[in-house]
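Quick note: numbers below take in every heavy atom, side chains included, and nothing from hydrogens, waters or symmetry partners. For reference, positions follow the sequence shown, starting with 1.
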Amino acid sequence: MKNRNLRRFTLAAIFMLAATAYLAVNAAGRREKYEPCGPLPTPQQIAWQQMEMYAFLHYSINTYTDQEWGFGNEPAELFNPSHLDARQWAAVCKESGMKGIILTAKHHCGFCLWPSAYTDYSVKSSPWKDGCGDVVRELAEACREFGLKFAVYLSPWDRNHPQYGRPEYIEYFRNQLQELLTGYGEMFEVWFDGANGGTGWYGGADERRQIDRKTYYDWENTYRMIRQWQPDCLIWNDGGSRGDLRWVGTEAGYVGQPNWSLLMSSGDVPREQLQHGVEDGDRWVPGEVNTSIRPGWFYHSKEDGRVKTLAHLVDIYYKSVGRNGTLLLNFPIRPDGLIDARDSITGAAFGRYVQELFRDDLAKKAVRKNRGREVTLSFKEPVTCNRIVLQERIEWGQRVKSFRLEAFAGGVWTELKDELLPEDESLTTIGYKRIVCFPEIAAEKLRLTILDSKAEPVIGDIGVYLAPPVVEPL
């Protein structure tokens, strides 16, 4: 742990020293200096954003009762998968293009997928592997084998625990956090659900318990403990500005346009701000787009015919990763302990599509010329394209407020509109990544013009692509 803390300190020190100024060489060979603008991301937040896509796995007692939320009184003996295979989960997620996995180690029902020392309501009281199994450990090891990052979801609400709603529960909650964050290797994220308080079994009390979600968990001290146990782990909390990452206000699979990676550090965060961020925010809190490959988060056989199509997943990709967010895509686990073939086939097709989309960057054939707030790509021969990918160097802040794209074809400049936006809506923020989708055009030149920005724009990569047609898997 001492080495990990030293590494974190060293990374942060290097980052802060470098952030005092940025010297870039433009296309003409002239060195330009950029000062940092506003709140800046940490190295950990940049590394997280570069993952772009990672998976959620929802699995618990709920899987065996056909519920989304367990009440807390379901017997642990129900948990008895016949073919649980964490390596299959990891393989499916990797083939789907995911860079990591977040597992629901404990959902609202309170049942733990690891043998917690602080409760009997866990896998150790189930018939699976005669009570000697540990789902968290099996998946952590599978992730390492398949080169995926690993993380956990731990529900703050526990409808099983008799002390929930009282001060004693906070010690229990932190003890379980410590078990997870110190016993299973490095984690890239810890995920806290926003559902807190209500009816529950609560050890037999069978009643409704309400809590003040702003004060009950004492998040400030809980977060301090997390950073001691896992210095590089980011915290997701739908309370918005409290964590390192934010909910985007919907589970439908999209984030707004504009999308600022900033929030204010105090006060309640309305859903509109979660959708768009805050242009003048004082903290870097980027958006994570969470959605499921099926209507529900947990497996339900009645939803076998309602798996999202490839076209739907591609649309979600453009409206999440393509709008300065990350995509957290859920795959539910069946009662037998496997991901359903319908989900895995569509997921694999999605992973292949994204890989094919970015296989050939046509911008490599162009001559790039920077002129202040204008960048032009010129081609020797016209190139047919329908996607442009823009990136800011976010280590120096998010700057661009609005921009315009144009294509020179047939002797005239034509403005390119994003076909995923309303006709009258112009292009706004860029951030880590912005993908603009437009009808195919054979362009001799492409031009980016920054119309408005908070400071001198620092544009990194510009990619040009011809997206393949979407063909649904059989």
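The stretch residues 84-93 participates, sequence neighbours left out, in these side-chain hydrogen bond (donor to acceptor under 3.5 Å, both in side chains) pairs: R87-E145.
With 3.5 Å as the limit, one finds no donor-acceptor pair spanning the side chains of Y318 and E419. Between the side chains of Y121 and N73, no donor-acceptor pair of N or O atoms lies under 3.5 Å. Side-chain contact annotation: N196 with Y216, donor-acceptor N/O pair under 3.5 Å absent.
K433 forms a cation-pi arrangement with F358, by the criterion of a distance under 6.0 Å to the ring centre and an angle within 45° of the ring axis. For the pair R209 and Y164, the cation-pi test (distance below 6.0 Å, angle within 45°) is failed.
Taking the six-membered ring where the residue is Trp, Y172 and H161 present tilted rings, their angle falling between 30° and 60°. Classified by interplanar angle (parallel below 30°, tilted 30° to 60°, perpendicular above 60°), the ring pair F192/W219 is tilted.
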Pair R359-E356, salt bridge (Lys or Arg N to Asp or Glu O under 4.0 Å): steps then yes or no: CA-CA 5 Å; R359 187 179 303 279; E356 179 65 23; 2.8 Å; yes
Run the numbers on L177 and V190 for side-chain contact (heavy atoms from CB on, under 4.5 Å), then give the verdict. CA-CA 9 Å; L177 261 180; V190 60; 4.1 Å; yes
How far apart are the C-alpha atoms of L405 and F438, what are their side-chain angles, what is the distance that settles it, and do they pass the side-chain contact (heavy atoms from CB on, under 4.5 Å) test? CA-CA 10 Å; L405 286 172; F438 51 91; 5.6 Å; no
Under the side-chain contact (heavy atoms from CB on, under 4.5 Å) rule, what do I459 and I430 come out as? Steps first, then yes or no, please. CA-CA 9 Å; I459 302 299; I430 296 177; 4.1 Å; yes
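With respect to K106 and E179, no salt bridge is recorded, no charged nitrogen being found less than 4.0 Å from a carboxylate O. In this structure, E220 pairs ionically with R224, as a charged nitrogen and a carboxylate oxygen lie closer than 4.0 Å. A salt bridge links D244 with R227: the distance from a Lys NZ or Arg NE/NH1/NH2 to an Asp or Glu carboxylate oxygen falls below 4.0 Å. Salt-bridge formation is detected for the pair D418/R434: a Lys NZ or Arg NE/NH1/NH2 atom is positioned less than 4.0 Å from an Asp or Glu carboxylate oxygen.
Taking a 6.0 Å sphere around CD of E272, one finds it holds 12 or fewer heavy atoms contributed by other residues, nucleotides or ligands. In the displayed structure, D212 atom CG is contacted under 6.0 Å by more than 12 heavy atoms of other residues, nucleotides or ligands. Within 6.0 Å of CZ on R166 lie more than 12 heavy atoms contributed by other residues, nucleotides or ligands.
Taking CZ from F350 and OG from S96, the interatomic distance works out to 8.5 Å, rounded to the nearest 0.5 Å.
Contact record, C233 with E189: SG-C, 3.4 Å, taken as the closest heavy-atom pair. Nearest heavy atoms, T199 versus R159: O-NE, 2.8 Å.
Taking the six-membered ring wherever Trp is involved, the centroid distance between the rings of Y353 and Y317 does not fall below 6.0 Å. Residues F79 and Y59 place their aromatic rings such that the two centres sit under 6.0 Å apart. Between W157 and W69, the gap from one ring centroid to the other is short of 6.0 Å.
Judged as a ring pair (Phe, Tyr, Trp, His ring centres under 6.0 Å), and not counting sequence neighbours, the contacts of F298 are H58, H107. Residues meeting the side-chain hydrogen bond (donor to acceptor under 3.5 Å, both in side chains) test with Y184, sequence neighbours left out: D134.
Side-chain contact between L416 and V436 is absent, with no heavy atoms from C-beta onward closer than 4.5 Å. Two residues are said to be in side-chain contact when any heavy atoms from C-beta on lie closer than 4.5 Å; I293 and P332 meet this criterion.
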